[in-house]
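Here is the structure we will look at, set down as structure tokens.
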Amino acid sequence: MSKIFFWLLDINHEVVDGDVEVRMWGKNDGGESVLLVAKSTPYFYVLPRGDDAEAAASKIRALKGEYGELVDVEVSEKKYFGRPVKTVKVSCKTPEGVDRISRILCKAPYVRECLEDDIRPAARYIIDNSLNPSGWYEVEVKNISKHGFQVDRAYEAVEAPTPIGRLHPPDLRVLAFSTICFSERGSPDPDKDPILVVSMSAGDGGTEHYTVDGDGDGGVLERFVSRLRQFDPDIVVGWGQNSFDWDYMLARSKKVGVKLSVDRCGGEPHRSTFGHISITGRANIDLANIADDMPEVKVEGLGGLAEFLGVARKDEVDRFQDVETGRLWKSSDGRRRLIEYSKFRSEVTLKLLNLLIDYAIQMSHLTGLPLDQVAAAAVGFRVDSYLMAQAHRFNELIPKRTEQPYIPYQGAIVMEPKPGIHEDVAVLDFTSMYPNLMIMYNISPDSFIDSSETSAEFFTAPEVGFRFRKDPPGFYKKVLQDLINVRREIRGKLSGAAKDSVEYKVLRERERVVKIVTNACYGYAGWVGARWYVREVAESVAAFGRASLRKVIGIAKDLGLQVIYGDTDSIFVKYEPEKVEELLSIVGREMSMEIKVEKVYSRVLFTEAKKKYAGLLSDGTLDIVGLEVVRGDWSNIAKTVQERILEIILREGSVDKAVEYLRQLIRDLRAGKIPVSELAVWKTLTKPVESYQVKAPHVEVARMMLEDGWRLKPGDKVGFVIVKGPGRLYQKARPVMKVTPDKVDLEYYVGNQVLPAAMRILGVLGVDEGVVSASSGSAGLSEYMGRG
DNA sequence: TATAGGCATACGAGCTTAATTTA
DNA sequence: TAAATTAAGCTCGTATGCCT
């Protein structure tokens, strides 16, 4: 026996000779790949009807003869929504046994409910042993045979791994790949269209590529598999491979008789937990999944992400479309360009992974989801996973996800802004308002008092009247307090770490994910799919939030501060430093909440609309919120014009100049001086084209593009331009790349894009739309100040 | 295998009403 | 002059993407 250090990368289970074997795949501190095997017995809990768990247990025990897979039955003391309960823990030989026995038992008259039967062995092992994937452990092991698995070492775990505080991730071997398939028209069809090129970039440098030859793409796949196995990556990264490449390669490999044995057991990739593709023993990461939860990346595709992170220009990364590949492949020059393109994409993919991996590792470590799953899991399931691990810590039973109707509830307050231009405005924000309210008022499913209960000391939510026991601390309160403490600890360590150290990088990402998970808890609590969903909880948090905002507005007004706007957890006030200081201290004292000066505008413009404003920050940057400039569904020209107008007005204070600029631009537009690409409007296809209820420009254009052989799926953006002609807008919309300048309906762009965007701003300042085309008036900014 | 609600905005669709044309 | 036709105006619903 010996001890090893082990970093947990992936985990799965297998039934071997009728027993469940949990397989942990990872790395040791020497950078070797390690398989760690542990025996495990699946189980679930039975919550008896009434409180006689012993009686229920013996009834279940009596079934042992009838059901061979039932191995152990014992009474177990747990808590369920905070209340102590006696349950029966039923252990079975296999997960299939758990499925079968729990299905039978939940119908038994003495059973109220079966719980935790939906937790699979790998997750079970992680939860029960308080493991955090993507983290370091020390573990006592015995050497075992490698059984042909592709690892450097194989061990049996003598005991459960114990976490050690090491921060540095191990040396992970990363392999990026990119494929190009043949297509002349329509999506490539794996039945007939071969894979033309596969490029692979390895973390230790170098990009290789394999191309189709006279014998088809069998050789490409063979070389792909052999290169992958030879390099033996821990992480396989690509763009969109969960929804395309793997399925395509699997289909092709079947066709040409090549086994895609790329996992560490010699098996093929398979579809797994979150609809993603799993490669046993490795982490298969689809960057498209990671990009999906980066809302700040506005431009779609690998190129959009690359450009956002400053790795490459979008037009370089997304040089060709699927439908072009067939044509290109036919000329030697086109072939050369496609190969170069494929290699470039695989290199970009590798660079992006290196930038994003620390975040993914930390998210995996905190939430308890293995690296490949965490990338694919939606926010709700990440929080779910985190809470399940926490429940185990508190000896709480994990509730089942239940089907229930969705009933909306009232949310936050948004104040009516005072339109016009204001000078010296401070934005004050509550820090972590919702998490703090949940802690302060102990708002949690297990502290929620239903109408029958009266005795306890409780908090009552304003407006909605729901009540929550003051003691003991509820599940959400304990979890959130923990998260906040953890974050504080990380911050302490961060302040002591050297800025260029690995430690600093790791801690910074860890702090970020702790913050993200903390802030996701309120939304999670209001999600019908949540295991810990109680609508009244979310509703009460929102109600306390409204009361808090009202209260702070009242205090501000009492201090003589002019309140200009407010939304959810922020108020905008005329900046008078002493009064603001006073406000902060009163809020701390009387409300036990923290409020901070988030930013100060030297000049800020509000429209009549909520959630739309623009201001000049004290450091001189222009901050634009909610207006067309920051929306992806307006043409570039409209956004450019609006931004320029805001600059002229906020920086230079000249409405006249802004109007003059607008007039000139409209003249240029009408003269055809604006490139067509600047006129395109991009909208997301949110569902398949056939399921739209109404005719809309982007949907009609998507239809045309599909007709032309483009591969368009929900989530893709469609760019269109309005051309001259009769009829509805959707009849005049064309794909942007097919429109020539002479066809453009310029008056649409004047009247429906540029003017609305410009007048949104100028209208507030009293400029009449007619004035824009009439001769110049004369007005300085001073005339428009202090309105409202 | 969907974190929440609040909000603005554009346009289609269907209807009513006003304006215009036609018998 | 009344009926028929067309245009304009209104309301409502759908769709998207933002804010906190």
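Because only heavy atoms are used, hydrogens play no part in the values below, and waters and symmetry mates are left out as well, while side chains stay in. Labels below follow one simple rule: chain letters A, B, ... track the order of the sequence lines, proteins then strands, and each chain is numbered from 1.
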Donor-acceptor side-chain pairing of [X] and [Y] below 3.5 angstrom:
X        : Y        : result
A:His276 : A:Asp372 : yes
A:Asp247 : A:Asn242 : no
A:Thr431 : A:Lys596 : no

Review point. Are A:Phe475 and A:Trp532 close enough that their ring centers fall under 6.0 Å?
Key: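 Close enough - the centres of the two rings lie under 6.0 Å apart.
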**Study point:** Ring-ring centroid check A:Phe544 A:Tyr441, cutoff 6.0 Å
**Key:**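 Ring centroids of A:Phe544 and A:Tyr441 are less than 6.0 Å from each other.
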Length of the [atom1]-[atom2] vector between [X] and [N], whole Å:
X        : N      : atom1 : atom2 : value
A:Asp716 : C:dA15 : CG    : P     : 18 Å
A:Leu729 : B:dA13 : CG    : P     : 12 Å
A:Leu755 : B:dT9  : CG    : P     : 15 Å
A:Gln753 : B:dA10 : CD    : C1'   : 10 Å
A:Tyr730 : C:dT16 : OH    : C1'   : 19 Å
A:Lys695 : B:dA10 : NZ    : C1'   : 18 Å
A:Trp527 : B:dT3  : CH2   : P     : 6 Å
A:Lys683 : B:dA10 : NZ    : P     : 10 Å

Please classify the nucleic acid contact of [X] as base, sugar-phosphate, or nothing, using heavy-atom distances under 4.0 Å.
X        : answer
A:Gly411 : sugar-phosphate
A:Ala538 : nothing
A:Tyr386 : nothing
A:Val414 : sugar-phosphate
A:Tyr406 : sugar-phosphate

Check your understanding: Checking A:Lys732 side chain against A:Gly725 main chain: does a donor-acceptor pair fall under 3.5 Å?
Key ->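 Side chain of A:Lys732 to backbone of A:Gly725, a donor-acceptor pair under 3.5 Å: yes, one is there.
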Choose from [options] the nucleotide whose nearest atom is closest to any side-chain atom of [X].
X        : options               : answer
A:Arg760 : C:dT16, B:dA10, B:dG6 : B:dA10
A:Val379 : B:dA10, B:dT3, C:dT16 : B:dT3
A:Arg728 : C:dT14, B:dT9, B:dG12 : B:dG12
A:Asn752 : B:dC11, C:dA15, B:dT9 : B:dC11
A:Val694 : B:dA13, C:dT16, B:dT9 : B:dA13
A:Ala378 : B:dG12, C:dT16, B:dA2 : B:dA2

Practice item. Using the six-membered ring of A:Tyr692, assess whether NZ or CZ of A:Lys687 lies under 6.0 Å from its centre and within 45 degrees of the ring axis. Key: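 Yes, cation above the ring, under 6.0 Å and within 45°.
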Ignoring hydrogens and angles, write down the donor-acceptor pairs under 3.5 Å from the side chains of residues 623-630 of chain A, residues two or more places apart or on other chains.
| unit_1 | atom_1 | unit_2 | atom_2 | d |
| --- | --- | --- | --- | --- |
| A:Asp623 | OD2 | A:Lys599 | NZ | 2.9 |
| A:Asp623 | OD2 | A:Tyr601 | OH | 2.6 |
| A:Glu628 | OE1 | A:Gln642 | NE2 | 2.9 |
| A:Glu628 | OE2 | A:Arg760 | NE | 2.8 |
| A:Glu628 | OE2 | A:Arg760 | NH2 | 2.6 |

**Study point:** NZ/NE/NH1/NH2 to OD/OE distance under 4.0 Å, A:Arg401 and A:Asp118
**Key:**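 Looking at A:Asp118 together with A:Arg401, the answer is no, because their closest N to O distance does not fall below 4.0 Å.
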**Study point:** A:Lys724 and A:Glu747 ion-paired at < 4.0 Å
**Key:**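 Salt bridge between A:Lys724 and A:Glu747, a charged N being under 4.0 Å from a carboxylate O: no.
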Atom pairs under 3.5 Å, N or O on each side, protein against nucleotides 7-11 of chain C: can you list them with distances?
none

Write out a two-atom table: protein N or O, nucleotide N or O from nucleotides 18-20 of chain C, distance below 3.5 Å.
| unit_1 | atom_1 | unit_2 | atom_2 | d |
| --- | --- | --- | --- | --- |
| C:dC18 | OP1 | A:Val630 | O | 3.4 |
| C:dC18 | OP1 | A:Gly632 | N | 2.9 |
| C:dC19 | OP1 | A:Gly626 | N | 2.9 |
| C:dC19 | O2 | A:Lys611 | NZ | 3.0 |
| C:dT20 | OP1 | A:Tyr613 | OH | 2.7 |
| C:dT20 | O3' | A:Asp567 | O | 3.2 |
| C:dT20 | O3' | A:Asp569 | OD1 | 2.1 |

Side-chain N or O of [X] closer than 4.0 Å to phosphate OP1/OP2 of [N]:
X        : N      : answer
A:Lys687 : C:dA15 : yes
A:Tyr692 : C:dT16 : yes
A:His698 : C:dA15 : no
A:Thr686 : C:dT16 : yes

Exercise for review: Check each of A:Asp745, A:Leu669, A:Val739 against A:Leu679 using the side chain to side chain contact (heavy atoms under 4.5 Å, CB included) test, and report the only one that passes.
Suggested key: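 Of the listed options, the one satisfying the test is A:Leu669.
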